[in-house]
Protein chains: 2
Amino acid sequence: MNPSRPPAKGSSREDILDAAETVFAARGFEGASMRAIAEAAKVAQALLHYHFKTKEGLFEAMFARRSGAINRIRLARLDVMLARGKISVEDIVEALLRPTIEAGHDPSRGGGRFASLILAVSTAGGDWQKGLVARHYDPMAERFIAALMGALPGLDRAHATWGYLFIVGAALTQMAPTGRADRLSAGEASDEDTDAMLAQAVIFASAGLRALATVPPGDR
Amino acid sequence: MNPSRPPAKGSSREDILDAAETVFAARGFEGASMRAIAEAAKVAQALLHYHFKTKEGLFEAMFARRSGAINRIRLARLDVMLARGKISVEDIVEALLRPTIEAGHDPSRGGGRFASLILAVSTAGGDWQKGLVARHYDPMAERFIAALMGALPGLDRAHATWGYLFIVGAALTQMAPTGRADRLSAGEASDEDTDAMLAQAVIFASAGLRALATVPPGDR
DNA sequence: GATGGTCCTGATCGTATGATCAGTGAAAGC
DNA sequence: GCTTTCACTGATCATACGATCAGGACCATC
């Protein structure tokens with residue numbers, strides 16, 4: 001019954017991570033079951049525990065793999081721009097947002113489902129989930145916040161932080177294809193068209209940042 | 001053991017909804033158990049099924065109660081402003097965001113935890129959860145989108161929809177007290193200070209909206 | 001050709017879950 | 001005073017969960 005050739009070495013581990021990504025994104029951490037992931041990966045359930053020990057271990061491995069890939073691209077883009085000298089806010093925002101959208105390594109759909117996962121993790125109450133975000137995203141976030149302050153004189157640390165968080169929140173919530181944009185706009189906007197969404201997000205966020213950078217005398 | 005006076009009639013039903021709000025917000029839909037909710041409400045677990053039939057029924061009842069209360073306030077504020085004539089974008093954004101923050105009816109903490117819940121529901125993949133958002137939020141959303149278009153000539157339906165969604169996404173993700181703002185800003189911003197956050201959000205969002213309203217000739 | 005290691009499986013464990021049901025006590029209606 | 005209705009409970013059900021375990025297949029190395 002087993003195919004005579006075992007496939008490329010170590011492939012089942014990646015298969016599990018792929019399946020975990022799909023199932024976790026669709027049903028959340030608690031909603032996803034090890035059985036469903038194993039079935040999606042077409043391996044025995046015990047193999048998940050063999051590779052990742054616990055459900056949390058599997059989740060973190062999957063989370064680290066994908067977020068690491070995205071953040072490497074983000075920082076690479078940022079470094080290229082910084083090396084070139086003067087940067088526009090638009091460039092920074094685009095470097096921050098586009099890699100997440102393009103992160104879908106399955107050809108069919110972009111990284112929208114992973115976006116919901118980040119969102120769920122980053123707004124969750126649990127300490128473990130907070131730790132995940134802190135470990136895997138904070139270092140990258142600090143570099144982008146610094147870059148924003150560099151590009152916009154007048155933007156202090158507090159405002160740059162709020163700006164960064166607003167941008168990520170605004171964009172992340174729109175990456176999952178929920179069909180809500182289509183519904184509310186009577187079809188004139190669509191969350192399937194991630195490129196159009198990103199273009200609007202860049203305009204929206206950049207203007208918002210510039211406004212935060214020019215707070216009048218009495219701010220708070 | 002039972003107190004001789006049964007408390008104010010129908011109070012245990014509200015107690016259950018209160019407890020459900022707390023537990024669902026802290027652990028998510030799948031992570032929350034009927035047992036934990038019953039314990040928090042200090043009633044027998046079977047009573048939850050007596051009042052709400054299923055776990056989904058309980059969730060929807062709790063969701064409807066809280067979102068209804070928030071949206072009533074939102075729309076009331078909007079109507080007052082519309083009746084007064086000219087409206088600023090800032091007013092609309094504030095009318096949209098502040099009620100959610102102030103929605104905490106427990107004195108200790110604001111509606112931050114409920115914000116995570118909306119977020120989880122609105123980005124979830126399940127059809128049932130999409131339906132929840134559509135039923136309980138879309139009518140209110142459409143009125144605010146229309147108001148935005150009224151206040152900003154040049155803002156068409158598609159852009160107003162994106163703007164609305166960006167605003168809600170940006171603000172909602174910052175309402176849950178995760179401590180992330182404090183961390184990233186080295187203490188100069190805090191997500192405990194929801195008033196400061198809201199002030200920044202209004203500045204950020206209003207500028208973003210104005211930018212979306214003044215898209216040059218070649219848009220997309 | 002035995003040994004050891006790695007990848008992988010089927011069967012099974014204890015537990016926690018959502019849901020159901022028969023029944024209790026008290027108020028309301030007649 | 002009897003019955004009906006309502007709010008509520010403790011006990012229990014079937015199921016699905018995460019995790020574990022003993023072992024099998026394969027492939028090196030000696």
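Residue numbers start from 1 in every chain, and the chains themselves are labelled A, B, ... in the order their sequence lines are given, proteins ahead of strands.
- Note on A:A38: nothing from the nucleic acid sits closer than 4.0 angstrom, heavy atoms only.
- Looking at residues two or more places apart in sequence or on another chain, you find a side chain to side chain contact (heavy atoms under 4.5 Å, CB included) between B:Q45 and B:M34, B:R35, B:A38, B:H49.
- A salt bridge does not link A:R66 to A:D18: none of the charged side-chain nitrogens sits closer than 4.0 Å to a carboxylate oxygen.
- Considering only residues two or more places apart in sequence or on other chains, A:E56 meets the side chain to side chain contact (heavy atoms under 4.5 Å, CB included) condition with A:F29, A:T54, A:W128.
- Put simply, NE2 on A:H49 is 16 Å from C1' on D:dA22, counting in whole angstrom units.
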Find every protein N or O atom lying less than 3.5 Å from an N or O atom of nucleotides 9-16 of chain C, and list the pairs.
unit_1 : atom_1 : unit_2 : atom_2 : d
C:dT9  : OP2    : A:A44  : N      : 3.0

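- By the side chain to side chain contact (heavy atoms under 4.5 Å, CB included) test, A:I73 pairs with A:R77, A:P99, sequence neighbours left out.
- Judged as a salt bridge (Lys or Arg N to Asp or Glu O under 4.0 Å), and not counting sequence neighbours, the contacts of A:R135 are A:E60.
- For B:R183, the side chain to side chain contact (heavy atoms under 4.5 Å, CB included) partners are A:A134, A:D138, B:R180, not counting sequence neighbours.
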Using a 3.5 Å cut-off and no angle test, enumerate the donor-acceptor pairs between side-chain atoms of residues 117-126 of chain A and protein atoms at least two apart in sequence or in another chain.
unit_1 : atom_1 : unit_2 : atom_2 : d
A:S122 : OG     : A:I118 : O      : 2.9
A:S122 : OG     : A:L119 : O      : 3.3
A:T123 : OG1    : A:L119 : O      : 3.0

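- In this structure, B:M34 places its CE atom 7 Å from C1' of C:dG18, rounding to the nearest Å.
- Checking the phosphate oxygens (OP1, OP2) of D:dA7, no side-chain nitrogen or oxygen of B:S12 falls inside 4.0 Å.
- Listed by residue number, the members of residues 51-62 of chain A with any heavy atom below 4.0 angstrom from DNA chain D are A:T54, A:K55.
- Rounding to whole angstrom units, CG of residue B:L48 and P of D:dA7 are separated by 15 Å.
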Identify each donor-acceptor pair in which a side-chain atom of residues 164-177 of chain B lies under 3.5 Å from a protein atom, sequence neighbours left out, and give them as a table.
unit_1 : atom_1 : unit_2 : atom_2 : d
B:T173 : OG1    : B:G169 : O      : 2.8
B:T173 : OG1    : B:A170 : O      : 3.0
B:Q174 : NE2    : A:L165 : O      : 3.3

